[in-house]
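Following this message is one structure expressed as structure tokens.
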Amino acid sequence: MPHILVAEDDATTREMIRGILTKQGYDVSTAADGMSALRTLKKKNFDLVLLDIWMPKMSGLGLIGTLHGEMHIPKIIVMTSDKTSDTVLKSLRGQVYQFLSKPVDANILISTVDNALSEDPATPPIEVLSANKHWVELLVPCERSVVSRVQSFLSRLETDLPADVMEKVGYAFRELLNNAIEWGGHLDPNLKVRISYIRTRKMLMYRLDDPGPGFKMEDLKHAAVSNPADDPMAHMTVREQKGLRPGGLGLMLTQQLVDELVYNEARNEVVLIKYL
Amino acid sequence: MSHLLENFPVEMGFALLEYRSGGDFVPITGLPKWFSELWPGLAKASAPIPLTQQSPFLENFMLEAEDFWNSPGSAACQSETWIEKSGSGREIPVQARALFLGGKRILVLFSPDSQFHEQVKMLQTARNALLDHERLAREIQKKEILLHCIVHDLSQPLSVMHVAMDSLLEEPISERSKQFLTLGKHASNQQETMIRQILQTFSDDLRASLDAGTEAGSSTDLLKCARKTMALLGPTFEAKGVRLAVSASVVPESRWPVVGEASRLQRIFSNLLENALRYTPAGRHVTIGVEDEGDFLKAYVDDEGPGLPRDLRPEQIFGLFMKGKQSGGKAGLGLYFCRITVERWGGSIGAVTLPERGSRFWFRLPRAVAGTGARGSDLRGSADSAAAHRKHTHIRPLRILLADDQEDIRTLTAHQLKRNGHKVVTAEDGIHALKAFHASSFEVVLLDQEMPGMTGDEVARAIRKAEEGKKKRVFLIASTGNTASEDALRLKQGGFDEVLGKPFRLEDLNLLLSSAPVAKPSRQLLVQPSSPAGSTFAELVARVGGDEKLLKRMIHTFLRDTPKRLTGIAAAIRRKKPESLASLAHALKGSVSIFGAEGARKQANVLQELGRSGELSGAPDVLAQLKEEIAKLQANLRGYANQTPARPKSKRDSRRRPPRNRGKRRR
């Protein structure tokens with residue numbers, strides 16, 4: 001039975017998370033501040049820590065720093081309503097597994113925890129090459145859960161943008177990262193996609209570099225983006241023939257949601273730009 | 001020289017004749033050509049001419065001329081132009097003038113041929129201009145109808161699509177289906193934007209013409225407009241032998257100022273009169289009348305035709321492309337124009353079959369009050385800026401009355417509102433809405449503007465009237481396709497608290513609902529947005545994954561823990577410990593946000609930020625507000641903690657409801 005530690009100074013939230021996770025069959029311990037969380041972690045090996053950032057005696061980020069260099073470091077999910085980029089970047093560097101928004105919703109909590117715990121222990125971690133608020137660069141394993149994890153961090157760097165811009169860019173990025181992991185990396189966790197997030201005063205840019213050989217537009221018959229003008233649903237037939245799930249609208253939508261979408265010649269690197 | 005002068009009158013076309021006693025005339029110069037053409041026999045005769053026998057007009061004039069000659073020194077005597085016919089049938093205009101020349105009584109005859117034709121031409125031009133004006137007025141009418149069609153008939157289905165797609169997105173569907181839906185929403189949003197832009201362009205256009213009309217000082221008097229239209233249509237009625245009159249019961253001198261613009265108002269009368277004429281047989285009457293109804297003035301047109309067709313409901317008559325069976329009518333746009341225009345001005349229109357014979361078409365318009373407010377202020381601004389905060393809008397359960405005559409919109413909107421935990425009663429038209437309003441108690445009433453029987457405007461007025469002298473004031477929302485700012489202004493002056501443009505998105509509605517006050521006068525609360533005291537029990541149960549026991553444990557923890565937190569916060573402020581304040585406020589923020597108490601969350605957040613900045617001077621005030629918000633939340637949560645699972649909502653409702661409605665709601 002996986003062991004989970006909930007480190008949270010608010011009693012009601014603690015009660016709630018413990019209640020929900022206990023019901024799911026997890027073994028849940030709690031701590032009301034950073035120091036007692038640290039003590040608990042030293043006594044026993046946990047699989048997962050749900051960590052509040054702002055706690056008395058020792059903050060969540062302080063706790064992460066202290067754990068650095070320990071033999072066993074559990075997966076950490078940070079729960080916070082805090083949207084400052086500083087928290088996000090420090091969490092990234094501290095190998096936090098994922099971000100979770102407060103107030104926590106039972107369904108989201110359960111699925112996030114399940115995903116974190118069911119991940120193959122052999123999956124390599126996300127490598128952080130750069131983590132400042134203008135330039136974040138990551139090397140991520142080609143594993144599906146990575147998409148929502150990466151996005152849980154990066155979207156918090158964009159909270160100053162209008163909601164619709166965030167939504168559009170988020171959608172486009174998710175689509176491209178999914179493609180890179182699925183088509184470029186063939187869902188092999190040992191292959192890596194390199195993600196760069198670059199934010200300037202007038203522009204938001206993502207660059208994705210996948211480990212695959214690239215593709216040709218004519219190989220994309222299964223995607224709506226290559227449909228002839230007079231047959232907007234042609235790709236659906238192709239997908240059916242190939243036994244693919246319905247869909248293939250991603251690239252076409254992505255093109256419409258951002259200002260620039262540029263591929264390199266081989267088409268294994270793509271740059272997405274949204275002007276601000 | 002004298003010879004020259006002798007010929008001068010002839011050359012100029014004058015005939016100079018001396019009047020002799022006995023009624024005969026003697027020419028004193030030669031006679032002009034037209035004279036010879038008209039009276040060839042007389043022109044050749046050398047004896048005195050019996051001219052008056054030739055022309056009854058001239059005979060008539062001679063009576064005046066003799067008076068003139070018998071009283072020397074009086075003003076000149078000249079006739080009007082009259083027409084004589086020559087032997088060949090040519091019409092020749094003639095004018096006569098009586099003069100004294102050298103003591104002699106002289107008659108001058110003159111044919112103002114060229115001038116006359118100028119005049120005829122001018123008249124003809126004027127008539128053509130009038131016809132052009134009429135044609136243009138009809139074009140404008142068409143344009144306004146087109147605009148109206150864009151607003152309502154194009155954008156309303158869009159509204160349904162929005163809500164339908166929003167509903168679908170909330171269903172458990174696959175990611176891919178969501179993508180399709182997102183695509184659809186994207187496209188329909190685009191279309192909506194385009195419609196909005198078209199509307200704005202055209203309504204600016206219309207507003208400009210409207211302003212021009214009012215600035216010229218043309219007061220819009222209902223009866224004056226009626227009379228002007230009657231004068232214009234008089235000949236048409238005469239030609240058909242139908243008598244047109246103002247009802248004898250109308251006091252001629254009184255003033256009838258109404259909201260509206262004169263040329264459109266005349267068009268309305270003109271459409272109604274033409275309609276009446278079409279169905280009234282020769283020899284019968286069409287009567288126009290006006291009546292004072294207090295805040296409204298009513299005008300009617302009675303005909304003596306066959307009455308309204310039995311198979312049509314009165315409101316159908318004013319529909320688009322609706323034509324009578326014995327149609328003399330053209331496109332079926334006239335009455336439709338009357339309706340949309342009258343409703344645009346906040347009035348209503350209708351038709352009834354009269355008891356004896358014929359039918360009455362009536363409309364009422366709001367009485368114009370001197371010095372109406374500024375036009376064109378941007379009322380959408382507040383809603384737009386509020387929309388920026390849409391993301392974290394919190395919704396608390398409300399009792400909502402929803403009136404819309406379109407079944408699809410009604411069904412979908414009600415579905416969505418119910419999903420969000422509201423109690424919804426629907427009504428299919430204005431009359432049912434008003435009945436429902438009186439039968440029960442609501443916090444919010446959402447009224448479509450265009451409904452048969454009673455428009456949203458009228459229902460709103462009736463509701464506000466019923467509320468007079470009472471403390472409680474319902475939150476009134478108008479949903480309308482006319483989102484131009486002057487319409488919004490008009491609706492707000494008419495008693496609405498908010499205006500929702502159609503097609504509306506659910507988020508917009510939710511946003512408005514979140515600012516709806518509960519059982520308090522709305523003015524205050526609109527200035528200072530209300531602070532909802534938490535999510536519904538159902539929402540909370542959902543948030544903890546359906547585990548009621550867990551929720552109750554959490555509530556107990558919260559109720560036990562919070563007083564300590566508040567004491568701790570107070571102590572931290574007193575002892576000037578900002579870090580401690582930040583930490584305690586942060587924790588409290590976490591728990592109140594679990595319960596969806598947005599007001600408390602905001603205040604706790606302010607305290608947290610004050611703590612982090614180290615600036616504690618404003619903290620005691622914020623703490624006081626936080627305590628108020630928390631007290632509300634605690635009261636709610638105590639209610640939740642006590643309730644039995646079998647009747648999850650009843651207790652909470654009876655507690656939240658104003659006491660005087662208690663008996664009614666329990667039945």
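Lettering follows sequence order; numbering is per chain, from 1. Because the structure is a prediction, the values reported are computed rather than measured.
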Please indicate whether Lys602(B) has more than 12 foreign heavy atoms, meaning atoms of other residues, nucleotides or ligands, lying under 6.0 Å from its NZ.
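Count not over threshold, so no.
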
Of all of Ser583(B), Ala542(B), Ser177(B), which one pairs up most often with chain A through heavy atoms under 4.5 Å apart?
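The residue among Ser583(B), Ala542(B), Ser177(B) with the greatest pair count is Ser583(B).
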
Relative to chain A, which of Ser593(B), Gly545(B), Gly546(B) shows the most heavy atom pairs under 4.5 Å?
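Of the candidates given, the most pairs with chain A belong to Ser593(B).
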
After noting the C-alpha distance and the side-chain angles of Arg14(A) and Thr557(B), does the key distance pass the side chain to side chain contact (heavy atoms under 4.5 Å, CB included) rule?
CA-CA 10 Å; Arg14(A) 212 160 56 225; Thr557(B) 306; over 6 Å; no

Min side-chain heavy-atom separation Asp547(B)-Ile20(A) under 4.5 Å:
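Heavy-atom side-chain distance check fails, nothing below 4.5 Å.
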
Should the heavy atoms of other residues, nucleotides or ligands under 6.0 Å from NZ of Lys102(A) be counted, would the total exceed 12?
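Counting neighbours around NZ of Lys102(A), more than 12 heavy atoms of other residues, nucleotides or ligands fall under 6.0 Å, so yes.
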
Mark yes when over 12 heavy atoms from residues, nucleotides or ligands other than Glu579(B) sit less than 6.0 Å from its CD; otherwise mark no.
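Incorrect, the count does not exceed 12.
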
What's the spacing between Thr182(B) OG1 and Glu167(A) CD if we round to 0.5 Å?
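Answer for the OG1-CD pair, Thr182(B) versus Glu167(A), is 8.0 Å.
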
Proximity breakdown for Asp164(A) and chain B, heavy-atom pairs closer than 4.5 Å
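When you check distances to chain B, no heavy atom of Asp164(A) falls under 4.5 Å.
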
CE (Met58(A)) with more than 12 external heavy atoms under 6.0 Å:
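Yes - once you tally the heavy atoms of other residues, nucleotides and ligands closer than 6.0 Å, there are more than 12.
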
Below 4.5 Å, heavy atoms only, C-beta onward: do Leu588(B) and Asp10(A) meet side chain to side chain?
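Of all side-chain heavy-atom pairs linking Asp10(A) with Leu588(B), none is under 4.5 Å.
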
How long is the gap from CG on Leu550(B) to CD1 on Ile17(A), to the nearest 0.5 Å?
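If I round to the nearest 0.5 Å, the distance is 10.5 Å.
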
Test log, rule side chain to side chain contact (heavy atoms under 4.5 Å, CB included), inputs Tyr171(A) and Gln179(B):
CA-CA 10 Å; Tyr171(A) 180 90; Gln179(B) 285 182 14; 3.3 Å; yes

Of the non-hydrogen atoms in Ala587(B) and Asp9(A), which two are nearest, and what is the gap between them?
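Here Ala587(B) and Asp9(A) meet closest at CB-OD2, 3.3 Å.
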
Quick one: which of His586(B), Gln608(B), His556(B) has the most heavy-atom pairs under 4.5 Å with chain A, could you say?
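Option with the greatest count: His586(B).
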
Top residue by heavy-atom pair count (under 4.5 Å) with chain B, among Met16(A), Met79(A), Arg18(A)?
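Highest number of pairs under 4.5 Å: Met16(A).
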
Where do Ala11(A) and Arg565(B) come nearest, in terms of heavy atoms and distance?
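Nearest heavy atoms, Ala11(A) then Arg565(B): N-NH2, 4.2 Å.
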
Using side-chain heavy atoms (C-beta onward) and a distance below 4.5 Å, is Trp54(A) in contact with Lys589(B)?
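SC-SC contact between Trp54(A) and Lys589(B) ruled out.
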
Where is the tightest heavy-atom contact between Thr12(A) and Met554(B), given as atom of each residue plus distance?
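Reported closest heavy-atom pair: CG2-O, 3.6 Å.
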
